[in-house]
Amino acid sequence: MIISHDVAGSGPAVVLLHSSVCDRRMWDAQWQPLIDAGYRVVRCDFRGFGDTPLADGPYSDTGDVLALLDHLGIEAAALVGASHGGRIALTTAALRPEAVTRLALLCAGIPGHRPSDTLRAFGGREDELIEAGEIDAAVELNVESWLGPEADEQTRAHVRRMQRHAFDVQMEATFGPDREDVDLGRITAPTLAVAGAHDFQDFRDIAATLPTLLPDARHQELPWAGHLPSLERPAETTALLLAFLGESAPAAQ
């Protein structure tokens with residue numbers, strides 16, 4: 001199965017990978033500006049999110065992304081990943097280094113990360129609410145936990161819709177994604193590791209550590225951001241991404 005996706009534009013390929021709090025709609029504000037800047041832009045929904053149905057057997061999100069690239073005839077692309085999407089971007093770049101031209105990671109996870117007590121407490125509370133059938137409360141927990149102080153009510157409502165849809169779909173899930181063991185040392189793509197000053201410390205630490213793990217990576221912390229900067233200050237985040245992507249001119253796909 002090829003996961004649900006949108007593709008538009010022409011030029012070097014850029015693939016947008018969403019957070020597990022959201023789906024591909026989280027990139028609405030970045031979509032047209034990237035196309036207008038001369039990129040062929042792809043955004044997709046992981047299984048159990050947006051328009052992609054649940055899996056009926058074992059799978060990996062990374063495998064789905066690589067299958068999508070092959071399906072679209074994209075030999076190499078820049079990957080922009082938020083949170084869970086950032087972890088998938090890193091895994092993809094480690095498994096197929098030649099397929100990734102640049103990595104822009106927004107508050108990314110990392111393969112093998114052991115969550116802090118604070119992050120585990122969040123996950124435990126979320127599980128409790130879901131098991132008690134308090135789905136609306138679980139949605140609100142996510143909205144309050146992942147969005148920073150810059151998020152307005154329209155943004156909160158947008159995240160609320162995406163998270164509620166994911167919960168509704170995933171209540172029926174039988175299979176979850178496989179977790180790949182990867183060697184990040186295989187990554188060759190220039191990398192921008194962005195953190196939010198109002199995010200969980202786990203993600204701030206991951207972003208700060210990536211330059212010590214990758215051969216060509218730099219760290220930037222946004223003093224205004226929570227966990228989802230592309231939604232909290234869309235225009236500023238779009239400008240940041242365009243500046244980073246514009247540092248190279250890979251061959252069009």
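Note that these values count all heavy atoms, side chains included, but never hydrogens, waters or copies made by symmetry.
Checked by atom type and distance alone, the side chain of R102 pairs as donor or acceptor with a backbone atom of F244 at under 3.5 Å. A donor-acceptor contact shorter than 3.5 Å is absent between the side chain of E232 and the backbone of P149. In this structure a side-chain-to-backbone donor-acceptor pair under 3.5 Å is present from T52 to S4. A donor-acceptor pair under 3.5 Å is formed between the side chain of S19 and the backbone N or O of V21. A donor-acceptor pair under 3.5 Å is formed between the side chain of T238 and the backbone N or O of P234. The backbone N or O of T92 sits nowhere less than 3.5 Å from a side-chain atom of T62 that would complete a donor-acceptor pair.
Atom CG of L105 sits about 10.0 Å away from atom CD1 of I206, to the nearest 0.5 Å. The CG atom of D36 sits 11.5 Å away from the CH2 atom of W31 when rounded to the nearest 0.5 Å. Remark: R204 CZ to L222 CG distance equals 11.0 Å, nearest 0.5 Å. The line from CG of D136 to CG of L141 is 12.5 Å long, rounded to the nearest 0.5 Å. Here the CG-NE2 distance, from L16 to H5, works out to 13.0 Å after rounding to the nearest 0.5 Å. A distance of 13.0 Å separates NE2 of H158 from CD of E153, quoted to the nearest 0.5 Å.
Contact of the V65 side chain with the L17 side chain is registered, since non-hydrogen atoms from C-beta on lie closer than 4.5 Å. Within the 4.5 Å cutoff, the side chain of L129 has no heavy atoms near those of the I135 side chain. Taking the side chain as every heavy atom from C-beta outward, M26 and S230 approach each other to under 4.5 Å. Using a 4.5 Å heavy-atom threshold, the side chains of L147 and T155 count as touching. Residues V7 and R40 are in side-chain contact: their nearest non-hydrogen atoms beyond the backbone lie under 4.5 Å apart.
Every residue two or more places apart in sequence or in another chain was checked for a side chain to side chain donor-acceptor pair (under 3.5 Å) with D216, and none qualifies. Every residue was checked against the side chain to side chain contact (heavy atoms under 4.5 Å, CB included) condition with A121, not counting sequence neighbours, and none meets it. Taking the side chain to side chain donor-acceptor pair (under 3.5 Å) definition, one finds that H113 meets it with D202, sequence neighbours left out. Among residues two or more places apart in sequence or in another chain, the side chain to side chain donor-acceptor pair (under 3.5 Å) test is passed with R186 by none. Scored by the side chain to side chain contact (heavy atoms under 4.5 Å, CB included) test, D70 finds R96 as partners (sequence neighbours excluded). For R233, the side chain to side chain donor-acceptor pair (under 3.5 Å) partners two or more places apart in sequence, or in a different chain, are E150, E236. Qualifying side chain to side chain contact (heavy atoms under 4.5 Å, CB included) partners for D127, counting only residues two or more places apart in sequence or in other chains: E131. The ring-ring contact (aromatic ring centres under 6.0 Å, His included) test applied to F49 returns H18, not counting sequence neighbours.
Across every non-hydrogen atom of P211 and A217, the tightest pair is CB-O, 3.6 Å. Closest of all the heavy-atom pairs between V15 and A77 is CG2-CB, 3.9 Å. The two residues P229 and T237 come nearest to each other via the heavy atoms O-OG1, 2.8 Å. When all heavy atoms of A76 and A13 are compared, the closest pair comes out as O-CB, 3.9 Å. Residues L242 and P33 come closest through the heavy atom pair CD2-O, 4.4 Å. The nearest pair of heavy atoms linking A94 to V182 is CB-CB, 3.9 Å.
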With side-chain contact (heavy atoms from CB on, under 4.5 Å) as the test, would you mind laying out the steps for T118 and Q201 before giving the verdict? CA-CA 9 Å; T118 302; Q201 191 64 43; over 6 Å; no

Given the rule in the side-chain contact (heavy atoms from CB on, under 4.5 Å) test, do L90 and L210 qualify, once you have shown the distances and angles that lead to the verdict? CA-CA 10 Å; L90 281 166; L210 280 171; 4.2 Å; yes

Run Q163 and C22 through side-chain contact (heavy atoms from CB on, under 4.5 Å) and show every step you take. CA-CA 6 Å; Q163 178 65 93; C22 304; over 6 Å; no

Show your working on side-chain contact (heavy atoms from CB on, under 4.5 Å) between L192 and Q220 and close with a plain yes or no. CA-CA 7 Å; L192 175 64; Q220 181 173 348; 4.1 Å; yes

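Using a cutoff of 4.0 Å between basic side-chain nitrogens and carboxylate oxygens, D23 and R161 are not scored as salt-bridged. Contact check on R47 versus D64 returns a salt bridge, with a Lys/Arg side-chain nitrogen under 4.0 Å from an Asp/Glu carboxylate oxygen. Remark: R24 engages D51 in a salt bridge, criterion side-chain N to carboxylate O under 4.0 Å. With respect to the salt-bridge test (charged N to carboxylate O, under 4.0 angstrom), the residues R87 and D61 do not qualify.
Within the structure, every pair that satisfies the side chain to side chain donor-acceptor pair (under 3.5 Å) test and touches residues 138-149, not counting sequence neighbours, is listed here: E126-N142, E140-R160, N142-W146, E144-R156. Sorted by first and then second residue, the pairs that involve residues 187-199 and meet side chain to side chain donor-acceptor pair (under 3.5 Å), not counting sequence neighbours, are D199-H227. Here ring-ring contact (aromatic ring centres under 6.0 Å, His included) pairs that include residues 55-107, with residues two or more places apart or in two chains, are F46-H84. Evaluation of the ring-ring contact (aromatic ring centres under 6.0 Å, His included) test over residues 87-110, restricted to residues two or more places apart or in two chains, returns none.
In the hydrophobic cluster analysis, where Ile, Leu, Val, Met, Phe, Trp and Tyr join through side-chain heavy atoms closer than 4.5 angstrom, V143 is grouped together with F122. Cluster membership check: V169 does not share its hydrophobic cluster with M171, using side-chain heavy-atom separations under 4.5 Å among Ile, Leu, Val, Met, Phe, Trp and Tyr. Transitive grouping of hydrophobic side chains (ILVMFWY, heavy atoms separated by less than 4.5 Å) brings L106 and L119 into a common cluster.
Residue Q154 places its CD atom among 12 or fewer non-hydrogen atoms of other residues, nucleotides or ligands, all under 6.0 Å distant. Within a 6.0 Å radius of CE in M1, other residues, nucleotides and ligands contribute more than 12 heavy atoms.
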